[in-house]
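Taking it in order: structure first as structure tokens, then the write-up.
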Amino acid sequence: MSEFFERLASQPIRSVGPGNAPRIDFAAGREAARTSQTIQNAMNRISSFAFDQAKQNQITEGQQQGAANPRRALAQLEDKDPSDFSFRDQAAFGTAVKALTAEVEVEAKKAMGLEMLESQKLGETPEQLAERLDMVTLGYADALALMDPASAKSLSLNLENYRNSQYLNFSEDHLKKQKQTARAEGAIKLDMMNESLENLARSQMAGVDELIEKTLDSHDAFLAGQDFSPEEIARERIASKKKAVIARSRGEFDRLTSVEERLNYAEAFEESIGKDGGLARGMSDATAQSLAKQFNTMANADKAALNSEIAVLSADISLDVSNVVTAGGVPGDGVIKKLRARVN
């Protein structure tokens, strides 16, 4: 044994470096690992596909369930915690909410439209229509309760906006009708008021011009209460005053009894046109000139009629007297009285 150690000791010692280490081939191990990973990846893909397919099936089933009967689908999920929803539940809930939202919105708007038509038919006020529309909205409270808060709020806002638009449109139409009715009533009453004003103007009352102005002030206040605009009131005042001053002058003319007085009035009226305080006061020149022509025409017609009557009377008198004289007599008291009566 000692000899063995002596031989080892006498031999040089050699170290083994990397270049002298034995080489080992790991290719088979690496291939095995790759194969294992490939198999694992394939299994994962199969598993993921199966999961996705099952998920999609549940989603499809849930969508069909929610679309078929939205109210029932939501009622079945009403007491279930949304955090515990399956894919089927989520799909059923989402689809049912959308379907029910559209359904309720269409039904509610249709109901509101029918209520507005009924309200118009009955001649109701906007306040009465508002009660009808609120009852429609209240009638869909059970449907809103089935939805999630966000969807319910969104639908409520849509219905509220539609309700308000219907109310405003109805109110606007109602006000227009009220205004039209008031204006129609105002026009009828104004005609009556103008007739009274013309009768006043034709009278022989002292200070008639001042009375006309005061009456026109009352007309203005009345028309303002009937929703007439300031421009319309001004136009009506001008028209009413024109009628009044024409009636005043015609009343003056009609009260004259003799042809001579009427001829003189027509002449004086025409001469006063464009002058302050004359017979044509308060009239436009055009109106006064037209009225002057009417007065002249009527006065001359009266004169012509009188002349014709005088001519006929003269002929009759001549004939009666001639007959009496021809008979060798003298006109008696009876004939004289008869002729005088015709002259008068």
Side-chain angles (χ1 to χ4, degrees), residues 176-313 343-344:
K176 285 181 179 178
K177 289 179 181 178
Q178 281 190 321
K179 194 170 184 178
Q180 290 171 351
T181 300
R183 288 172 66 86
E185 293 175 352
I188 294 173
K189 190 168 183 180
L190 181 61
D191 285 340
M192 298 172 61
M193 295 169 70
N194 281 333
E195 185 176 346
S196 297
L197 176 61
E198 291 178 52
N199 290 334
L200 170 66
R202 291 175 64 90
S203 70
Q204 293 178 294
M205 295 180 63
V208 66
D209 290 340
E210 184 178 352
L211 290 174
I212 289 174
E213 292 299 329
K214 288 183 178 180
T215 303
L216 290 173
D217 291 340
S218 299
H219 287 195
D220 292 348
F222 168 74
L223 293 176
Q226 301 302 115
D227 289 329
F228 280 67
S229 69
E231 293 78 9
E232 291 172 323
I233 293 174
R235 285 196 298 268
E236 292 296 339
R237 184 184 182 99
I238 292 172
S240 296
K241 184 172 183 178
K242 178 180 178 180
K243 293 177 181 178
V245 293
I246 289 176
R248 180 198 64 204
S249 297
R250 282 180 173 165
E252 293 172 347
F253 182 83
D254 291 341
R255 281 193 295 272
L256 300 175
T257 56
S258 70
V259 173
E260 184 179 3
E261 287 177 330
R262 289 193 167 195
L263 286 170
N264 291 336
Y265 184 91
E267 183 179 354
F269 184 90
E270 189 171 7
E271 291 176 352
S272 73
I273 295 175
K275 299 177 182 179
D276 294 334
L279 294 176
R281 65 190 182 279
M283 300 182 192
S284 68
D285 289 350
T287 299
Q289 288 168 359
S290 175
L291 194 57
K293 289 180 180 179
Q294 294 178 31
F295 289 155
N296 277 311
T297 299
M298 288 187 288
N300 287 316
D302 290 343
K303 180 180 178 181
L306 178 60
N307 289 337
S308 176
E309 185 177 348
I310 290 173
V312 172
L313 179 60
V343 170
N344 292 332

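Count residues from 1 along the sequence. For clarity, every value in this text was computed on a predicted model and none was experimentally measured.
- Checking side-chain atoms of Ser284 against main-chain N and O of Thr287 turns up a donor-acceptor pair under 3.5 Å.
- Note that the CE atom of Met193 and the CG atom of Leu190 stand 6.5 Å from one another [nearest 0.5 Å].
- Note that CE of Met298 is 4.5 Å distant from CZ of Phe253, once rounded to the nearest 0.5 Å.
- The minimum heavy-atom distance linking Asp254 with Arg202 is given by the pair OD2-NH2, 3.2 Å.
- At least one side-chain heavy atom of Phe295 sits less than 4.5 Å from a side-chain heavy atom of Arg250.
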Point to revise | Evaluation steps, side chain to side chain contact (heavy atoms under 4.5 Å, CB included), between Asp209 and Arg248 | key: CA-CA 9 Å; Asp209 290 340; Arg248 180 198 64 204; 3.0 Å; yes

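- Using a 4.0 Å cut-off between charged side-chain N and carboxylate O, Arg262 and Asp302 make a salt bridge.
- The pair Lys293-Glu270 does not meet the salt-bridge criterion, since no charged nitrogen lies less than 4.0 angstrom from a carboxylate oxygen.
- Between Arg235 and Glu231 no salt bridge is recorded (no basic side-chain N to carboxylate O distance below 4.0 Å).
- Of all the heavy atoms in Val245 and Met283, the pair that sits closest is O-CE, 3.3 Å.
- Here Ser196 contributes atom OG and Lys189 contributes atom NZ; the two are 10.5 Å apart, rounded to the nearest 0.5 Å.
- A 4.5 Å side-chain heavy-atom check between Met205 and Leu200 finds at least one atom pair inside the cut-off.
- The two residues Leu291 and Phe269 have their closest heavy-atom pair at CD2-CZ, 3.7 Å.
- For the pair Ala201 and Ile212, the tightest heavy-atom approach, listed with the atom from each and the gap, is CB-CD1, 3.9 Å.
- Within a 6.0 Å radius of CD in Glu260, no more than 12 heavy atoms belonging to other residues, nucleotides or ligands are found.
- Rounding to the nearest 0.5 angstrom, the gap separating the OH atom in Tyr265 from the CD atom in Glu252 is 3.5 Å.
- Ser240 places no side-chain N or O within donor-acceptor distance of the main-chain N or O of Arg237, the cut-off being under 3.5 Å.
- The CZ atom of Arg255 sits 12.0 Å away from the CD atom of Glu261 when rounded to the nearest 0.5 Å.
- Atom CD of Glu213 has more than 12 neighbouring heavy atoms from other residues, nucleotides or ligands inside a 6.0 Å radius.
- To the nearest 0.5 Å, atoms CG (Leu216) and CG (Asn194) are separated by 8.0 Å.
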Working note: Lys242 + Ile238, criterion side chain to side chain contact (heavy atoms under 4.5 Å, CB included); need CA distance, chi angles, decisive distance, verdict.
CA-CA 6 Å; Lys242 178 180 178 180; Ile238 292 172; 5.6 Å; no

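- Considering every non-hydrogen atom in both Lys303 and Leu263, the closest pair reads CD-CD1, 3.9 Å.
- Leu211 and Thr215 make their closest contact through O-OG1, 2.8 Å (heavy atoms, listed as atom of the first residue, atom of the second, distance).
- Around the CG atom of Asp276, the shell of radius 6.0 Å holds no more than 12 heavy atoms that belong to other residues, nucleotides or ligands.
- When side chains are defined from C-beta on, Glu232 does not count as touching Gln226, because their heavy atoms never get closer than 4.5 Å.
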